[in-house]
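Below is one structure; the comments refer to it alone.
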Amino acid sequence: MAKPPLLLFHALLLLLLSLSILSPALAEIKTLTIASDSRPMILFEKFGFTVSGHVNISASSVSVASSLPVAPDPSRLGFFLLSDESLLQVLLELQHNPHFCVLDSHYIVRLFTFRDLSPPPHASFKGSYPVTSPNEYSLFFANCAPESRVSMEVHTELFNLDLDGSRDFLSAGQTQLPSLFFLFSIVYLAFLGFWIYNCYRNKRSVHRIHLLMGGLLLMKALNLICAAEDKHYIKVTGTPHGWDVLFYIFQFIRVILLFTVIVLIGTGWSFLKPFLQEREKKVLMIVIPLQVLANLASVVIGETGPFIRDWVTWNQVFLLVDIICCCAIIFPIVWSIRSLRETSKTDGKAARNLAKLQLFRQFYIVVIGYLYFTRIVVFALRTIAAYKYQWVSNAAEEMASLAFYAVMFYMFRPVERNEYFAIDEEEEKEAEMALREEEFEL
């Protein structure tokens with residue numbers, strides 16, 4: 001009796017959808033423990049191989065428990081590689097053949113089955129496999145034995161060989177990331193230096209929000225430096241050597257600061273008013289805890305990998321929280337625009353209010369554009385780009401972030417004489433006419 005093909009079909013389909021949304025963990029050297037697991041399909045890693053690609057895999061302390069009186073067939077449990085192109089073919093095979101086991105498919109690259117294990121009590125296997133056809137493959141474990149649970153320790157090493165014979169543990173599409181992140185970190189450090197100089201030159205116009213913005217630039221630069229070192233050590237040695245911890249710490253602070261700065265600028269805090277209204281405080285009270293949850297999900301996704309049972313759930317949590325936060329930070333900007341429209345009708349400062357309205361309206365468009373590009377366009381690039389050019393989506397995301405930071409910091413820079421106060425009598429009259437005619441609807 002074969003394991004119901006519907007379970008295999010749903011498992012593969014769910015993993016396919018998850019991998020299309022978020023990239024799996026980096027192909028570090030990993031030792032993973034599987035305990036009494038009955039899943040029909042377990043995804044371990046996804047990796048882009050070149051012509052010199054290799055897979056080193058070992059399984060030890062292997063045991064299979066079954067609730068059936070007949071012992072499971074060891075040839076029905078094993079490891080294999082599967083490309084995205086072949087995945088669709090395997091899905092069709094599973095859908096049409098009720099007794100089909102994925103290990104029998106002609107579209108997979110089978111590595112070994114439990115038939116190849118050494119005899120008990122050790123029950124282990126170790127093998128090294130060259131990848132003859134360069135492509136992006138997913139490393140799977142399949143369990144086609146009905147009513148069975150598997151326990152084992154799995155050690156994996158996926159890598160490509162460079163021209164000098166050294167191992168590169170980064171996927172073919174990510175090997176450029178260390179240089180890319182380091183380059184952008186230098187740009188942000190230069191950006192921070194210029195920001196400090198500008199704040200020093202305009203001391204009288206510096207507000208608390210400008211200090212937070214400087215802190216954001218510092219965290220962004222440190223985050224990129226740690227990301228570059230993290231990828232470099234994984235590329236060379238297969239392990240991050242602790243840089244992943246620093247990366248997650250600075251990423252956590254940077255993301256919290258980014259959303260906080262956007263919300264505070266949207267409310268006009270410190271440069272338009274010295275306090276936050278109750279509803280604006282509630283937005284911060286919602287966004288900050290949600291970002292803590294999103295960063296927790298990011299750590300789980302990055303440090304565990306798709307082999308854990310709840311990996312798909314953590315992906316869904318991350319996406320849901322990110323969407324909620326992106327929507328929440330828009331509200332303070334909308335509220336500020338509406339508040340300025342109402343104020344402009346009564347305070348007699350038409351030109352100043354018109355400048356503020358235009359500034360916040362532009363900021364609203366910039367934020368929407370940034371969120372759209374980094375969430376939709378980058379995802380599209382990651383989906384359609386060939387596996388060897390996956391770094392392009394990272395480059396596009398960093399360029400979009402840099403452009404957003406540059407525009408936001410320019411719009412709200414500390415200056416002695418800015419668009420808020422550069423007003424003469426003629427501009428005042430023109431602004432009054434504009435405010436009568438322009439409704440500033442979003």
Side-chain angles (χ1 to χ4, degrees), residues 19-30 43-57 81-85 109 128-139 155-188 221 223-248 250-251 298 301-303 305-306 374 378-402:
L19 288 176
S20 66
I21 294 172
L22 284 178
S23 299
L26 292 172
E28 306 168 28
I29 297 175
K30 289 189 175 182
L43 172 63
F44 281 86
E45 298 181 57
K46 191 174 185 180
F47 193 80
F49 292 96
T50 63
V51 292
S52 60
H54 282 75
V55 177
N56 290 352
I57 182 170
L81 296 176
L82 182 63
S83 66
D84 287 348
E85 295 85 356
V109 179
S128 179
Y129 307 91
V131 178
T132 56
S133 178
N135 204 336
E136 187 175 39
Y137 291 93
S138 298
L139 174 62
H155 180 82
T156 60
E157 296 182 17
L158 281 64
F159 58 89
N160 297 306
L161 293 178
D162 291 331
L163 295 176
D164 59 359
S166 61
R167 295 180 176 184
D168 184 348
F169 291 93
L170 284 182
S171 177
Q174 298 181 337
T175 189
Q176 299 85 359
L177 290 184
S179 300
L180 178 70
F181 289 147
F182 183 74
L183 175 63
F184 274 99
S185 69
I186 296 299
V187 173
Y188 276 100
N223 187 211
L224 285 169
I225 291 173
C226 293
E229 290 296 317
D230 178 43
K231 301 298 184 294
H232 169 73
Y233 277 102
I234 292 175
K235 175 185 173 73
V236 175
T237 67
T239 56
H241 290 264
W243 283 100
D244 54 339
V245 177
L246 291 174
F247 167 75
Y248 288 120
F250 287 120
Q251 177 178 265
S298 176
I301 293 168
E303 289 301 299
T374 54
V378 170
F379 166 74
L381 284 173
R382 187 177 294 125
T383 303
I384 64 176
Y387 76 97
K388 291 184 178 181
Y389 302 101
Q390 286 297 309
W391 62 271
V392 173
S393 62
N394 296 92
E397 184 174 9
E398 291 303 330
M399 289 176 66
S401 297
L402 180 60

Close side-chain approach of [X] and [Y], heavy atoms under 4.5 Å:
X	Y	value
Tyr233	Asp244	no
Pro178	Leu170	yes
Trp243	Ile234	no

Enter the distance from [X]:[atom1] to [Y]:[atom2] here, rounded to the nearest 0.5 Å.
X	Y	atom1	atom2	answer
Phe47	Thr156	CZ	OG1	10.5 Å
Lys30	Ile57	NZ	CD1	13.5 Å
Leu224	Gln251	CG	CD	10.5 Å
Phe49	Ser171	CZ	OG	8.0 Å
Lys231	Phe247	NZ	CZ	5.0 Å
Leu183	Gln176	CG	CD	13.0 Å

Heavy-atom nearest pair, Cys226 first then Phe250, reads SG-CD1, 3.6 Å

What are the two closest non-hydrogen atoms of Leu158 and Phe169, and how far apart are they?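 For Leu158 and Phe169, the tightest heavy-atom pair comes out as O-CD2, 3.6 Å.
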
Requested in this report: Would you sort out whether Leu81 and Leu139 count as a side chain to side chain contact (heavy atoms under 4.5 Å, CB included), showing the intermediate values?
Outcome: CA-CA 5 Å; Leu81 296 176; Leu139 174 62; 3.8 Å; yes

Contacts of type side-chain hydrogen bond (donor to acceptor under 3.5 Å, both in side chains), residue [X], not counting sequence neighbours:
X	answer
Thr175	Asp168, Lys235
Thr50	Ser52, Asn160
Thr237	Thr239, His241

Taking ring-ring contact (aromatic ring centres under 6.0 Å, His included) as the test, write out the residues that go with Tyr188, two or more places apart.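 For Tyr188, the residues satisfying ring-ring contact (aromatic ring centres under 6.0 Å, His included) (neighbours in sequence not counted) are Tyr405.
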
Across all chains, not counting sequence neighbours, the ring-ring contact (aromatic ring centres under 6.0 Å, His included) partners of His54 are Phe159

Query - Asp162 side chain to Asp164 backbone, donor-acceptor under 3.5 Å - result: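 Between the backbone of Asp164 and the side chain of Asp162 there is no qualifying donor-acceptor contact (under 3.5 Å).
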
Residues at least two apart in sequence or cross-chain that pass salt bridge (charged side-chain N to carboxylate O under 4.0 Å, His left out) with Glu157, listed by chain then number, are Arg167

Return the set of residues passing salt bridge (charged side-chain N to carboxylate O under 4.0 Å, His left out) with Glu398 (not counting sequence neighbours), or none when no residue passes.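 By the salt bridge (charged side-chain N to carboxylate O under 4.0 Å, His left out) rule, Glu398 matches Lys220.
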
Under the side chain to side chain contact (heavy atoms under 4.5 Å, CB included) test, which residues partner [X], sequence neighbours left out?
X	answer
Asn135	Ser83, Glu85, Tyr137, Tyr387
Ser179	none
Val378	Phe373, Arg382, Ser393, Glu397

Determine, stepwise, if the pair Lys46 / Asp84 fulfils side chain to side chain contact (heavy atoms under 4.5 Å, CB included). CA-CA 10 Å; Lys46 191 174 185 180; Asp84 287 348; 3.1 Å; yes

query: Could you go step by step and tell me if Phe181 and Glu229 meet the side chain to side chain contact (heavy atoms under 4.5 Å, CB included) rule?
result: CA-CA 9 Å; Phe181 289 147; Glu229 290 296 317; over 6 Å; no

Q.
Does Tyr389, at its OH atom, have more than 12 non-hydrogen atoms belonging to other residues, nucleotides or ligands within less than 6.0 Å?
A. no

